[in-house]
Amino acid sequence: MMRFVAHGLGDRGVPPSRIHVSLERNVQCAVGHCGHCQLAPLFICRDGPVFTWERVRTLLGVREL
Ligand code: FES
């Protein structure tokens with residue numbers, strides 16, 4: 001859902017640096033130790049949970065296995 005909204009905003013001329021997404025999910029320890037919330041190099045609990053679309057768009061485009 002976030003991807004579609006962010007793409008829609010981008011199509012309407014909103015720059016990726018002005019689009020913010022909240023990735024609050026899969027958090028357990030919430031202090032950056034367990035790795036449960038890790039999204040590539042980012043720890044959602046430590047580095048976010050709110051990120052600019054510019055920062056996470058390539059990471060959210062990758063399918064999980
Ligand atoms: S929830 Fe444990 S590292 Fe983020």
Side-chain angles (χ1 to χ4, degrees):
M1 178 74 176
M2 284 189 291
R3 281 186 291 148
F4 295 114
V5 172
H7 284 296
L9 289 170
D11 291 344
R12 286 163 178 77
V14 178
S17 61
R18 299 288 307 268
I19 300 170
H20 292 78
V21 293
S22 177
L23 301 181
E24 292 180 46
R25 61 179 184 172
N26 300 328
V27 172
Q28 282 192 346
C29 74
V31 291
H33 286 287
C34 73
H36 193 78
C37 68
Q38 191 168 6
L39 177 64
L42 300 175
F43 287 90
I44 304 302
C45 68
R46 188 187 63 200
D47 304 322
V50 178
F51 299 90
T52 63
W53 182 242
E54 185 175 44
R55 188 172 182 195
V56 297
R57 66 181 165 187
T58 55
L59 303 176
L60 292 179
V62 177
R63 283 193 171 271
E64 292 182 27
L65 299 175

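Counting starts at 1 for both ligands and their atoms, following the listed order. Count residues from 1 along the sequence. Reckoned from all heavy atoms, side chains included, excluding hydrogens, waters and symmetry mates.
- Within the sub-2.8 Å shell of atom 2 (Fe) of ligand 1, the protein contributes these N/O/S atoms: C29 SG, C34 SG.
- Remark: I19 CD1 to R57 CZ distance equals 8.5 Å, nearest 0.5 Å.
- Of all heavy-atom pairs between T52 and S17, the closest is CG2-O, 3.9 Å.
- When every heavy atom of R3 is checked against every heavy atom of L60, the shortest pair comes out as CD-O, 3.4 Å.
- The two residues V27 and H36 have their closest heavy-atom pair at N-CD2, 4.5 Å.
- Follow the hydrophobic side-chain contacts under 4.5 Å out from L9 and you reach L23 in the same cluster.
- Criterion: ILVMFWY side-chain heavy atoms under 4.5 Å apart, direct or through other members. Under it, V50 and W53 are not part of a common hydrophobic cluster.
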